[in-house]
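Structure first, then comments.
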Amino acid sequence: MADTSQPARVRFAPSPTGRLHLGSARTALYNYLLARRTGGQFILRIEDTDFKRTVEGAEDELLAGLRWLGLQWDEGPDVGGPCGPYRQSERKEIYLKYARQLVERGRAYPCFCTPERLARVRQEQLKRKESLHYDGTCRNIPPEAAARRVADGEQHVIRFKAPQEGTTTVHDLLRGDITVDNRNLDDAILVKSTGWALYHLAAIVDDHEMGITHVFRSSEWLGTFPLHALIVRALGWAEPTWVHLSVFLKPGGKGKMSKRDAERARDDGYSIFIKDLEALGYIPEGILNWIVLMGWGTAENDEMSLDEMIARFDLAHLNPAPAAVDFKKLDHFNGLHIRRLSVDDLAARMKPFFIEAGYPVDDDKLRQIAPLLQPRLKTLRDAPIVGGVFFEETVSPNPEELIGKKMTAPDSAEAARRAVSILSGLTEITHETAEPPMRALAGELGLKAGQLFGILRVAVTGRKVSPPLFETMEIIGRDEVLRRVEQAVALLESLDS
RNA sequence: GCCCCCAUCGUCUAGCGGCCCAGGACGUGGCCCUCUCAAGGCCAAAACGGGGGUUCGAGUCCCCCUGGGGGCACCA
């Protein structure tokens with residue numbers, strides 16, 4: 001079943017009508033993984049035959065998003081390949097060729113019904129509570145008569161002539177055989193009156209012409225699955241392995257992700273769109289690790305890099321059930337992979353977020369603070385929040401917060417004074433040189449280390465929460481540390497008057 | 001209304017008839033570590049939707065119910 005011995009040719013075929021989101025990214029991922037796993041090819045095809053719906057810039061975002069995630073394709077509209085063109089809008093004649101073939105074989109027919117008439121038929125069916133389907137008016141027009149009307153230039157579409165009796169059985173890798181009663185099949189439109197093929201024909205033709213071995217697509221195609229298999233068979237081709245992946249459900253698992261849910265995710269600081277996730281400080285490694293597990297599972301060790309996924313991915317563990325998105329889990333994997341980054345890598349990735357937050361960035365300092373921030377970041381966006389202190393020229397602590405735990409202002413002032421006198425005696429303040437004497441001082445004053453350190457932390461960073469105190473002092477530097485602690489002394493003294 | 005699909009902890013999942021009084025992960029609670037916050041370590045609570053079968057034996061196979069999801073365009 002999980003045949004990884006034969007090279008797979010797979011494709012990710014988005015239409016440039018929207019943004020790259022979680023669901024499509026996961027489909028792309030699975031395609032990519034199977035291709036790499038089997039030593040096959042990953043193809044990118046743009047399904048842009050519906051010009052009315054094409055969105056300006058969508059294709060660019062799609063490609064950029066995939067590249068950012070690290071899912072580079074082997075063949076595609078921009079990189080070419082032996083089966084091009086890879087944009088459906090450039091393959092019109094190919095589809096027409098097969099549409100004509102189908103008509104010649106009596107497996108498809110021209111239909112002259114107007115959209116208006118079709119809408120009327122639908123209304124009637126709705127009123128009679130029947131299933132919605134084409135009523136077959138043009139199905140029985142004699143081929144010669146139909147051909148004549150076409151030759152005369154009469155507006156028409158091409159419909160597939162679906163069988164009306166018996167049953168059709170198709171096979172999905174995750175669901176096994178699916179058998180439908182042919183009476184429920186519809187004569188779907190293959191070619192619009194404009195001459196452009198619809199998905200039903202275009203995708204089937206392209207998958208064949210491009211030698212696709214496995215078709216990963218969303219479960220929303222399950223309804224037309226028999227139709228598509230029938231078209232493949234009518235054309236006399238071998239079927240690919242069909243894999244219908246379930247959709248993602250909203251957090252909590254009740255209902256599909258809707259636009260409203262997407263907005264709510266944004267309000268919570270998350271997003272279902274890849275580009276937004278990048279801006280929110282999520283890294284490809286984290287996102288990929290998160291989505292690969294929604295629909296595919298392993299017994300244990302969920303933590304994986306892309307390479308590890310390639311080594312472990314298989315078809316047998318794909319799961320047909322819908323999965324609810326859990327952004328908390330994304331946070332977990334993102335943090336996990338941030339911690340896996342090298343110092344230089346993390347420094348480079350944090351940089352734009354410091355710039356965005358308005359801090360004067362400095363590559364050396366970024367590398368210096370990276371190890372301190374690394375275990376504290378859930379997202380890269382947290383970096384300027386946690387590490388902003390290293391770029392601030394001055395701090396303005398809240399005097400009240402300078403008072404040590406269970407201490408008075410005068411006590412705290414005295415402790416700070418003593419700290420200054422000891423620290424100023426050091427030629428350099430580092431973790432090694434400063435911590436021992438400060439611990440000793442705490443003991444001498446009858447304080448817990450945490451009490452003294454707390455005062456110094458607020459004095460030096462202006463915050464109650466910061467990276468480890470002495471490492472922080474080391475980076476801020478002796479002179480500035482002294483200046484800040486002295487400032488704290490003054491602040492504390494002003495308090496008790 | 002009609003058609004199709006799915007069903008294990010709150011969530012993502014492992015399980016492919018006995019190895020399961022159901023394993024891992026997120027989240028949650030507790031403890032440890034600890035200069036704060038994290039990170040890390042340990043522990044805990046937490047599930048086979050219900051009912052019928054099949055079988056010596058069912059989370060695993062079959063049926064029904066329930067629940068959830070998808071589809072029914074000259075969109076993809």
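Both backbone and side-chain heavy atoms feed into the values below; hydrogens, waters and symmetry mates do not. Order of the sequence lines sets the chain letters (A, B, ...), proteins ahead of strands, with each chain counted from 1.
Taking a cutoff of 4.0 Å between a charged side-chain nitrogen and a carboxylate oxygen, E392(A) and R484(A) do not qualify as a salt bridge. A salt bridge is defined here as a Lys NZ or Arg NE, NH1 or NH2 lying under 4.0 Å from an Asp or Glu carboxylate O, and E285(A) with R349(A) meets this definition.
Comparing C20(B) with G10(B), their P atoms are spaced 22 Å from each other, to the whole Å. Taking atom C1' on both nucleotides, A14(B) is separated from C2(B) by 37 Å, rounded to a whole Å. With C1' as the reference atom, G67(B) and C74(B) are 37 Å apart, rounded to whole Å. Comparing the P positions of A45(B) and C37(B) gives a spacing of 27 Å, expressed to the nearest Å. Across the P atoms, A47(B) and C65(B) are found 28 Å apart, a figure rounded to whole Å. On the P atoms, G59(B) is 15 Å away from G23(B), given to the nearest whole Å.
Within the 4.0 angstrom heavy-atom criterion, base atoms lie near L132(A). Heavy atoms of V157(A) sit under 4.0 angstrom from at least one base atom.
Under the Watson-Crick or G-U wobble criterion, with both distances below 3.5 Å, U60(B) has no partner in any strand shown. The partner of C2(B) is G71(B), judged by Watson-Crick or G-U wobble contacts that both fall below 3.5 Å.
The shortest heavy-atom contact between L372(A) and R376(A) is O-NH1, 2.7 Å.
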Kindly indicate, with the supporting measurements, whether the criterion side-chain hydrogen bond (donor to acceptor under 3.5 Å, both in side chains) is fulfilled by D206(A) and Y86(A).
CA-CA 9 Å; D206(A) 287 344; Y86(A) 292 90; over 6 Å; no
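Taking only side-chain nitrogens and oxygens, R439(A) comes nearer than 4.0 Å to OP1 or OP2 of C35(B).
The environment of NZ in K192(A) is crowded: more than 12 heavy-atom neighbours from other residues, nucleotides or ligands sit within 6.0 Å.
Comparing K192(A) and E130(A) along RNA chain B, the residue whose closest nucleotide (by nearest heavy atom) sits nearer the 5' end is E130(A). Toward the 5' end of RNA chain B, the nearer of the two residues H431(A) and A197(A), judged by each one's closest nucleotide, is H431(A).
Between the P atom of U11(B) and the CG atom of L330(A) lies a distance of 19 Å, rounded to the nearest Å.
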